[in-house]
Structures are given as C-alpha cells and as structure tokens.
Amino acid sequence: MNLPLSNHAYGEHALVLPPDDPTSHDDADISMETRLRMYRMLQEMRQFEKRAYDLFMQQLVKGTTHLSLGMEAVAAGFGAAMDTDDYTFATYRGHAHTLARGVPMEGVLAELLGRANGLLGGKGGSMHLTSVEHKVMGSYAIIGAHLTIANGAAWSAQYRRSGQVAVCFFGDGTTNIGAFHEALNYAAVFKLPVVFVCENNQYMEYTAIGDITAVRRPAADRAPAYGLEPIVVDGNDADAVHLVAAEALAHARSGKGPVMVEALTYRHGGHSRADPGKYKPPGELEAWLAYDPIKVYRGRLERLGVAAADIDAINAEVAAAVDEATEAAKNGPLPDPRAAFTDVWADGGHQWRS
Amino acid sequence: MNLPLSNHAYGEHALVLPPDDPTSHDDADISMETRLRMYRMLQEMRQFEKRAYDLFMQQLVKGTTHLSLGMEAVAAGFGAAMDTDDYTFATYRGHAHTLARGVPMEGVLAELLGRANGLLGGKGGSMHLTSVEHKVMGSYAIIGAHLTIANGAAWSAQYRRSGQVAVCFFGDGTTNIGAFHEALNYAAVFKLPVVFVCENNQYMEYTAIGDITAVRRPAADRAPAYGLEPIVVDGNDADAVHLVAAEALAHARSGKGPVMVEALTYRHGGHSRADPGKYKPPGELEAWLAYDPIKVYRGRLERLGVAAADIDAINAEVAAAVDEATEAAKNGPLPDPRAAFTDVWADGGHQWRS
Amino acid sequence: MAILTYREAVARGIAQEMERDDSVVLIGEDVAGAGGVFKTSAGLLERFGPERVIDTPIAEQAILGAAMGAAMTGLRPIAEIMFSDFFAVCWDLVVNEMAKTRYMTNGQVTIPLVVKSGNGGSLRFGAQHSQSIENWAMAVPGIKVVAPSTPEDVVGLMAAAVRSDDPVLFFEHKGLYSSKGEVPDGPIVDELGTARVRRPGKDATVVALGLMVSRALAAAEQLAERGIDCEVIDLRSLVPLDAATVLESLGRTGRLFTVEENPRMLGWGSELVAIAGDDGFWDLDGPIVRITTPHIPLASADSLEDLMIPSVDRIRDEIEQALKP
Amino acid sequence: MAILTYREAVARGIAQEMERDDSVVLIGEDVAGAGGVFKTSAGLLERFGPERVIDTPIAEQAILGAAMGAAMTGLRPIAEIMFSDFFAVCWDLVVNEMAKTRYMTNGQVTIPLVVKSGNGGSLRFGAQHSQSIENWAMAVPGIKVVAPSTPEDVVGLMAAAVRSDDPVLFFEHKGLYSSKGEVPDGPIVDELGTARVRRPGKDATVVALGLMVSRALAAAEQLAERGIDCEVIDLRSLVPLDAATVLESLGRTGRLFTVEENPRMLGWGSELVAIAGDDGFWDLDGPIVRITTPHIPLASADSLEDLMIPSVDRIRDEIEQALKP
Ligand SMILES: Cc1ncc(C[n+]2csc(CCOP(=O)(O)OP(=O)(O)O)c2C)c(N)n1
Ligand SMILES: Cc1ncc(C[n+]2csc(CCOP(=O)(O)OP(=O)(O)O)c2C)c(N)n1
Ligand SMILES: [Mg+2]
Ligand SMILES: [Mg+2]
C-alpha cells in the first residue's frame, strides 16, 4: 500500500522551516507611522494572548481557547491595511483578528471569562468573537462555512456599491473541506470583493497539512482552479503581509474580483489548550521561534533607527492596557441569568409557541 | 457591476461546438471485436432511452427521468474498458452506464415503470439504478455525494488488494459543489484506485456551465489542485474515450492513484422530461447532432470496411431486444404492497421499536 | 381577485416584496434565466434584472452562505434550495450558522433571510427527492419554519417571511405547485405563527400541514356524511407554533389527530402530542392519533408511494376507527 | 474487572472489534497519530497500524463517503466525526445516502458502518460544539442511534454497533469522557435496542440518556429521601427504541418523565410521549413531563450553560412538583 502516512511515522513528517532573512522588507515602502502601529498591534496580540493563557491556567477561562501566538503578523499586516468599513471574518482562532480591528481588550477577555461585560455577554465565548461595531462580523468555529458567509458580505457591499471589502481568514486545514471550494468558485464567478487569507501554520489540529493534502501549497496551488493568481507571502513578516494585503484589498475593491493569499506561518503553542504539540518534529518550533514575528519586526524597527527605549515604551503601554483589561474582566459581573433567554429571535426573546 | 450574467442575456452564452473531424480515431489501436461491442452498446443505450422517452410520453414512466441521448460514447468507451469486477458509480442520468455493465434492459425499464420486476422492485426508480451483481454500485440523485462513496469502494479494493477500480461518472455542474473537492483531495492523498469521469455536457440543468464556473474546463482545470494531470477527451467518439479509459484504469489499478477525465459531450434533449431546452443558443444542438456519437461511430465502422447490412443487423437485434424488454416491463406486475415495508434494515424489516 | 396556481403565487409573493424593497434579492440554481425548475420565479429576472435575480452554481453551501452574509450586512435575500432534500448538503449553514449567530453574538447580528424550497412527495420522485423535512428544521432553535397550503397563503406568508428579521425556511409543497386558488388583488401580508381553522367542527380536532390539509379536509367531508364532525386546522407554520389555536380547539372537541406527511418518528405531530399533554392533558378524551407516513424512506413506484403518504381514505379510516365508541 | 474511563472504554471497544475482524478499520481527523482529539482511539494506531487506523483531511463528507463506499464493498468501517455538531456538514451522506440506500436498492446494498462522535454539552464549548443531536438522527428512517452512558455500555454497545449490518451513529457524550466505571474483562457484546432499568422504583418512570442518566439517578436518590420512589431507565439507544421497557414501567408507575439534554422541541422525549399516548394512554395518571434544555442554542459561559442543561436540582424539583398531590 501506498498511504502517505505509511511512508513515515506520525510526527516524523518533513519540517517546513521559515525564511531566514528578517531584513528582506527593511526598505519596503511603508511609513514609520504604519510600522509603529503594526508593532503595537503585534504587542497587543502577543501580550493579550499570553495573558489569556495565564488565565486559562488559573482556570478562569473555561471551555477551550485557541491562541495564535507566533501568527500575529498576518493579523497585524491585514489589520493595518484594511479600511474602517471593511469586514473581517475570522475563525475560533480569532483573538488577534478581533484586536486588529480595534475591539477593546476588556470585552474580549471578559468574554473568555464568561462575564456580563464580555463582547457577547458570555453567550458566545472565545470561539465566536464578534463586534459588528468594528465590522468584525464574527468568528466561526465550524470549518468552512464562514468563507461562504464572507462572500455574502462582499456581495452585499457590491450590491450596495459601498466600496467595502470582506476579508476572510482561515487555516491551511480548511482548504480541504467542501465549503472552501464552493466559496472560492462562487466568489470568482460573481467577482465579489473578498480577500481570502489562508493562514498556513503547517498543521490542522495535530496532523501536518502535507500529510493530508494533495498539493504542497494548500491554498496557492488551488488558486488557479478558480482562475486566481497563486500568492504566497511570508506570514511572519508584518511588512510583507501588509504590502500583499494592500494590493489584494485594492484589487478586490476595484471590482476585479476576489484574491486568495497564502501566508506561511507557525503557531508556537498547541492547537488548543488540550494539545501538548507532540507531533511537531524536533527543531521545527525552535526554527520558527527564532523567526518570531515580533522579533523580526523589532529588529527591523531598530535597524531603521527606532530607539530601543521607544520600543520598550510601547511594550510597557500595552502591558498596562492588558493589566487593566484583565482587572476589568475579572471584576466583571456574571451574566444576568435572564440573558440566557434573550436574543434567540429578533424580537429579543426565545418564545416559539403561543 | 460585473456579474458574468450581466454581460449577456440568459441563453445567449457562447456556443461550445464539437470537433469536426470524425475520422481522427479511425486508426486507433482498438480491435474490431471491441469496436463492434461498443457499437452495440451505443445502439442499446440509444434505442433503450428513446423507448424510455416514448413510454414517458405515454405516461407509463412516472416521476422524472434523465436521458443521456447524445452522451452515449462516454458510457460505451468506459464500459468496454472496465474489468468485470470494477465498480461503477453513476448519477440520476445513469441508464447508459447501467446498461454498459450488462444489466438487462428489462429490469431497468420495469423499474422506470414502477413494476415488481424492476431492478429495485420499484422502490428506487429511474434515478437510483443499482445492480450489485453487475458491480453497478448505485445511481445517486443528490449532486456530489457519490464521488466520496466511490472513494470508499476504491479504498476497500485497495485494502483488500483486489485490483478493482471504481469509476465514478458525474456532470460538469457537479464540479462546483463541495463534495467534489473533498473527494478529489481525499482520493489523491490516499492514492485510491478511482477514476473520476466528468461528463461535460455544457449545462447543469438550464444554466450554461461557463456562466457559473470560474475556469473554462470545469474538471480538467481543477485537476492540478489535486496534483492530477488535466485530461480532456472527445466524449462523442467512443474510441477516443476508450483509449483514455484504458489508460486511466491501468494507472489507477497499478496503485498510482486517481485519475480525472473530462469528456466533452452534449445532451440532445432537455435536462429531464420537464425541460424544453430553450436556453440552448441557436445552432448549438444542430452542430452536436451532426457530430452524434452513433453517427460518428457508424461512419468509422463503414470506413473500416464493416458492411452496412451487418451494422443494420446489430441495430435490428437491439431493436428486438428493446421491444422484448418493453413487453416484459409492461407486463410486469405491480409491486406487492408488502414490499413497501421491507429492507429498511438489514434484518429485512422496518421495525424501529419494541 | 385572480385564480393563481400555487407556483404562480410564489412568484407573485416574491415580486410583491421585491417591488416594495430594493434590498430583496433572489439567488438559486436556475432561478433566473429559467424562472426556477418549478417555475416559482418565472418572470422575475425580466422584471427585476440580473443584479437582483441570480443564477448560481450548484453549491448550496455557497448559496446559503451568500444569503446569510448579505443578510448580516443590509440585504434581505431569498435563496432557493431546489428540493428540500438538498438541505442536507448545506445543513451546517442553517443549523450552526443562521440559527445560532444572533444568540451567540448577544443580538449583535440580525439575519433577515428566507430560504424557499420544494418540499414533500406524491410526485414519484423517489426517496431522495420527496422528503418532508420541516421537522428537521423545527428541531433547531433559531429558525422559523413556514409551510403554506394555498396560493393565497403562499403570497401572504412569503411576504411575512421576507419581512421577518429572523431566518425563515419556507417550504413550498411540490405536490401543490399546480393546484389553484383565489388570491385577492393588491399586496397581501400575512402573519407567521398563526394557524387557520379551515373547517369548524365539534367532534375532533384534526391538524394538518401542506399537502395534508386538502386531504384532511376531504376526509372530514366524508366523515361528516358518517356523522363525525371534524374541525380541520391548517398549522401553516411550525415555528412560531400557534399552539393556542390547537389547544383551544382541543378544549372543545376533546380529541386530537395530526395528519403528517413526514416519516413517523419525531414529526411535528409528536411535539403537538407533547404540548397537548403539557397544556391540554385533562382535555383529552382519548389518545392523540398521529396519522403519518410510516417511518420508512419513500418508494418511487406510484403504487408504493401511495401506500405510504396518508391518503384521504386512510385519514378518514383512522379517525373513524379511533372515534368508534 | 478493570476501572476504565469512558474514553478508554471507547478505544477498548474498538480494539476488541478490530482484533476480532480484519475488516474493521477506523478513519477520522486526528484519530491515528494523536489517538483522537478526545483520546478515544489512543493506542490503536500503534496496535493495528496505519492501514487500519487512518488520519484524514478535514473533509467530513469525504470521510463518511469513504466509510459508506467501503461498507458497501466488504469492510466494516468506523468513522469519527469529531464533534457531533459537525454532522451538519456531512448530513447528506447520513440521511440521503446511508439511511436510504438499502431501501432504495431493494436490499441489494448492505452498509455495516459506525459513525462515532462526541456529543453533548457541559464543557463550556458554546453553541457550535455542545449540541445534543441524537434527535436529528432519530427523525430519519434507516439510521440506528446509540448513546451509552457508562464505560461498560460503551464497550458492549460499540461491539454491537460494529457487528450491526446497518449504519449506526454512536454518540459518545463529551461530558462523560473522563467519568469512570467498572468494565468486566474479556470481550463484551451488548445488544442495540435494549434499555436498562438503572434504579427500580414504583412512583414514577424517569427515562434518561447519556449524561442525563447519572443526573436522573442522583435526583432519584434525593427524591427517595423525600418519599418519592423513581424508576430510572437508561434508554441507551433511540433506534431501535426499547419502548416496551418504558411502557412496562409506565404500566406500573402511572407517571412518565423524560430527562433530555436536547433542546425542547422534537427531542426523543416528544416521541416517547407520543408512543406512551398511543400504547399507554390509559396507564397515564397525569401529564408526561419532559425535562429538557430550553429551546435555545447553548450559551458558553459556565453560569449560563448550567442554567440550560437539566441539573440534578432541576430534575428533582420538576419531578417533585409534578407529583405533588
Ligand atoms: C467541519 C469541522 N471539522 C472539524 C473541526 C475540528 N477542528 C477545529 S480546528 C481544526 C483544525 C483546523 O486547521 P486549520 O484550518 O489549519 O486552522 P488552524 O487551527 O491551524 O488555525 C479542526 C479539525 C471543525 N471545527 N469543523
Ligand atoms: C445537491 C444538489 N443540488 C441540486 C440538484 C438538482 N440538480 C439535479 S441535476 C442538476 C444539474 C447537474 O448538472 P451536471 O452535474 O452538469 O450533470 P448533468 O445533469 O448535466 O448530467 C441539478 C442542479 C441536486 N440533485 N443535488
Ligand atoms: Mg492550520
Ligand atoms: Mg451537465
């Protein structure tokens, strides 16, 4: 027999290593203002999620939570490129994408803690972060569907001639499910203003993407099947992402139809809190830690002349904000029991019979 | 706006015309025995379906039925290339594929008439023709699923090391549904012995495939997304199909994994009995009628020296067989009412409670 | 007043709402150029143009996803799932996304959309094209479920569905498409969650839906000749459920019958039995009888299909039998 | 005799059958290398090798299709759908294909397969990862539905499911995975369609499933202290349904309660009410009470989730209230 997984033991698949030149985008045409904004975002995402992890360990965060530690440059690069009115569609691994749109940390953290001041009043949880006010149109926890829903928002923007673009983030593993295919063809046929962003972090939950995918690049190698250009970007370099994001958004906004971007990155931790990450072959995590998006970006700022003290000041400001949000979340009241019975229907209630 | 269908009125899409050289495969390396077998199959499929149509018009066939008039060369070319033990998975448009495996006409026709001597005892109908005895593992009426089920039969063959190949026929419209994508990736990853055959007859029900598909060749242009070769064949020339079929089957049988073939063809009639076919642009049907698979093949046989009388004799034998099957079907008894209550479960019954 | 077929009424209801509100759009397979495979959208493309009436690929998840995303961002889409059996290929969008998103987001997201679909049997289409699946949807909190039985109701309930700010599954009965009925002129707007007493009666309450309504009425006529006076209620929508009308009737008649096309287990009738048990137990003068298709997939042969779906004769006989003193 | 966790029992049941029969194979996302995300297949890859224990892409339709096609052609596959909520993305394979193919082919095709899945709430996973969907499956003729509540039952019912020649959905309760119980040594083969009286009693019949069984038992203990003696029945499988055991008990107690985790409408309880109405109506001394999760998606916050799923206290109180003279 010739099964892909009979050629190697589980966990012994080939390593995918990061690029090794962090200077490649030092002279990219990106303003220092934008760069500092992205650096701050990276810090917010990182420090926020580390805090979420700590709270998890203290058993304050219930259920499950999926961190994107190590993948922040994708969220920051896109977040900084999007217009205020553009739509974000994220997954259960959506903390960073939510913060990237300016959603306050307190609401997100309080939601993880199941408090009344949570973004969703405790009814959604970590996997369903949504802030319509910030055009974060939801985080979706069942693989695939949200690509088709993002199409709908893009269709609406097209119909309303609003100039908005829908940006839809999803993982490498998601490229193998049916809804991915339906969404991509549909978007291409109707030239919808949507940008699909595959965060290829090399794994679905515990299985290496290469072990269960017929092509090497799960998104890019599928793009031509929808008449799209294959685009791959270094997902650990916020500047690289930012440039590609700006171009993709402009393309979609101009009516030329969808774009799909595959961003190569890596998650430092496990899939979710339950995962010890044993399937990662030796050396892989270390290589990606050495190419950590924050390290890459801080190095760049320093080479471009930003004083270490100024950078440290940003870090400290973010740390203070995270502390403040933590306090507010911890001090948040439990949801009113009556909240469990509201908003099944648009009339605010849950009655289904007379 | 830039919708594909706002560029042209419905029904005014570009014509897709057949090749115009029916002699291209005159010197293909195919034995006269096989060729005569294929010609007979073409006749059986054609005459059978014309009869089914007549019976429909006489209101003897109830419900719906989907004819493949004009598409027979695909079924004949593959049917003649498959081993007795290979599996067929067909769609609701499955008469030809069922006959191609040697399933007697009487059972098929009686099934269309809802009689007890029907292939399925009247419980399945036109859209679900199945004959496990002939390895026709079913005709499936909801788009997409059967590609994944064909994978399962191929997996079983691989596991049992039986050397069987599963051949799965589906339409152009089916390439846009999610299950197509899942099935293709799955088959490629596990190197399953399965051959996927897209019968591209240019239309889904009433909509031209080009109007709702992001690529020109709905199957072939997607093959690389699964690491497969794009293969397109003239689906109206049984010899062309036969050669490609033999190669595809050999590839799959040898353990090299799946193959996908796109066969270009055309249905002469409507999608189903209800369809007058108004969406076909002028000239299109005529061009394909001129390149009718039976006409093409009869011409070839004559050029290769088969006497017209011998060909006519085959036609007459088939006509007699169709008449006989018609009588047997018409004379078939109605199903025993008790049959409605059998075979929900493997114990033969339908009880679900004590 | 005009005589319309049920299928014409579907198109009329949609047209009425598209005329009124630019944000109403229609998508689905073959709904535009061909006017729908059941001709329930005939003429809409010509009238409202290709930006508002759109043919899609065969991609039910993409269709419902597009409808949902558009509904979340300002449109009021109507999507067609050609045969209701095909909900199974896009069920995730219905039960996990449309049904739950308002709740999960604490009311941030509103999803005003309608999914119309051809439902039910009697056309000899076999097990995969004949199902009555309104009970699948009823089991999922967050989805409204409508199933009209007359052309007039089709127009008015379609309007109500389009105007609802919640996702609505609109089940058109395939076996009724060519049936005819009077429809008043001018705009019609009905109300979800309101059952209709189609025939008043005092001996028994008979509740039916969709195709079963006319059969229940015919059975009631025959029973009347035998001295049994049935009240026939057309449920019209399962969610919201007008239990009050049923319970009120039961309070008067003391006996309840359901006539259901769905397979027996977990049809809407079982819920009605349970509700009557909760709220009307002491009104019951005898067991509630569910007259249903047996719990079996539908056979395609006409002679077999006719054995399965409740017929006028069977409805009449089961009621008569149960009421025998 | 060994003490096993429920999750270990799943792996043990599968191993028992794989050991016995080479045609039993296991596929699913992360079932092999990782031993399952719930660790219900831990050790099976090591024991049975990569031809029989296989990690798949995220492609639930492909997974169930592969299982079905293989079952039609000689294997007896077990497929995993990680969370039962995900059945919605592959429901077509279950309801339109697996459930109907034997019938439609007049018995030509046999489909001996098991789909195992983590079902149910109580883990604060929110609305899309906590559903109890056994009632979805129960509504579809042609699918067997099993939901064990103890480690011993897990082993024996898994064996029975694998040996069944019909497609079986095997619902493991996620909230029970870390629960423990005694499991006899050696092969265990149980029987589908057999309920178990977990506690005999004479005042009321309380029927429960999955996670609700232990809660019903705890409530019964508390009620016993208050002088109410409940018989608690663990239904174990919904299809086939052991209605006889329930009706027999009802015949003795005169009162029936169901304890259901599913949202209220069209849970298995409503079918039980209807069956009791059909066959046990004259045994009923009062309304049947369904104790269920309200008809609302599940909230993720622990404080809210605990309000929704029936708790021991709520079960106790609702029973006590209903039996008040
Ligand atoms: C339809 C469906 N199948 C399976 C899962 C379980 N699941 C949750 S996350 C995940 C892995 C997803 O991998 P990928 O798309 O690469 O995203 P990542 O988690 O790496 O960001 C799986 C299998 C799911 N949520 N939905
Ligand atoms: C999931 C699903 N969606 C829609 C349909 C309705 N339908 C039946 S046949 C058909 C067209 C299929 O087109 P194609 O795949 O090209 O096959 P053809 O009929 O041309 O042979 C459609 C849309 C269906 N059966 N299943
Ligand atoms: Mg991933
Ligand atoms: Mg076609």
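Residue numbers begin at 1 in each chain, while the letters A, B, ... track the order of the sequences. All values reported here derive from a predicted model rather than from experimental measurement.
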- Would you check if A:L192 and A:Q158 make a side-chain contact, meaning some heavy-atom pair closer than 4.5 Å?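 A side-chain contact exists here, since the closest heavy-atom pair is under 4.5 Å.
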- Query: Are C:K144 and C:S164 side-chain neighbours, meaning at least one heavy-atom pair lies under 4.5 Å?
  - Reply: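 Yes, their side chains come closer than 4.5 Å.
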What residue in [options] has the most heavy-atom pairs under 4.5 Å with chain A?
options	result
C:P167, C:G74, C:P240, C:A243	C:A243
C:L75, C:D242, C:T73	C:T73
C:A71, C:S23, C:A244	C:A244
C:N96, C:D279, C:T101	C:D279
C:P57, C:A67, C:A66	C:A66

Portion of [X] that has a non-hydrogen atom of chain A nearer than 4.5 angstrom:
X	value
C:D92	side chain
C:I111	neither
C:L64	neither
C:V246	neither
C:T56	both
C:L192	neither
C:E248	neither
C:E97	side chain

Pair up each side-chain donor or acceptor in residues 106-114 of chain A with any protein partner under 3.5 Å, not counting sequence neighbours, and list the distances.
{"from": "A:E106", "atom 1": "OE2", "to": "A:N117", "atom 2": "ND2", "distance (Å)": "3.1"}
{"from": "A:E111", "atom 1": "OE1", "to": "A:L119", "atom 2": "N", "distance (Å)": "3.3"}
{"from": "A:E111", "atom 1": "OE1", "to": "A:L120", "atom 2": "N", "distance (Å)": "2.7"}
{"from": "A:E111", "atom 1": "OE1", "to": "A:G121", "atom 2": "N", "distance (Å)": "3.2"}
{"from": "A:E111", "atom 1": "OE1", "to": "A:G122", "atom 2": "N", "distance (Å)": "2.9"}
{"from": "A:E111", "atom 1": "OE2", "to": "A:G122", "atom 2": "N", "distance (Å)": "3.4"}
{"from": "A:E111", "atom 1": "OE2", "to": "A:G124", "atom 2": "N", "distance (Å)": "3.1"}
{"from": "A:E111", "atom 1": "OE2", "to": "A:G125", "atom 2": "N", "distance (Å)": "2.7"}

- Task: For this output row, return yes or no: ring centroids of A:H350 and A:F341 closer than 6.0 angstrom.
- Result: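 Ring-ring flag for A:H350/A:F341: true, centres closer than 6.0 Å.
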- Message: Can you confirm if the aromatic rings of A:F169 and A:F78 lie within a centre distance of less than 6.0 Å?
- Response: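 So the answer is yes for these two rings.
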- Name the option with the most non-hydrogen atom pairs under 4.5 Å to chain C; the candidates are A:A153, A:A141, A:A157.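 Of the candidates given, the most pairs with chain C belong to A:A153.
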- Item | Heavy-atom pair count under 4.5 Å with chain C, highest-scoring of A:L129, A:L147, A:I142, A:D347 |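 Answer, by heavy-atom pair count under 4.5 Å with chain C: A:I142.
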- Query: Any sub-3.5 Å donor-acceptor pair from C:R20's side-chain atoms to C:M18's backbone N or O?
  - Reply: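 Not at all, since once roles are kept as given, no pair shorter than 3.5 Å links the two residues.
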- Query: Taking only residues two or more places apart in sequence or in another chain, which ones pass side-chain contact (heavy atoms from CB on, under 4.5 Å) with C:D22?
  - Reply: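 So C:D22 forms a side-chain contact (heavy atoms from CB on, under 4.5 Å) with C:R52.
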- Message: Test side-chain contact (heavy atoms from CB on, under 4.5 Å) on C:V239 and C:V140; report intermediate values, then the result.
- Response: CA-CA 10 Å; C:V239 184; C:V140 179; over 6 Å; no
- Query: Would you call the rings of A:Y226 and A:F180 parallel, tilted or perpendicular if under 30° counts as parallel and over 60° as perpendicular?
  - Reply: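 Rings of A:Y226 and A:F180: perpendicular, over 60°.
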- Contact origin within A:A179 toward chain C - heavy atom pairs under 4.5 Å: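 Both parts, backbone and side chain.
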- Message: For C:E19, is there an ion pair with C:R47 - N to carboxylate O distance below 4.0 angstrom?
- Response: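 Judged by the 4.0 Å cut-off on N to carboxylate O distance, C:R47 and C:E19 do form a salt bridge.
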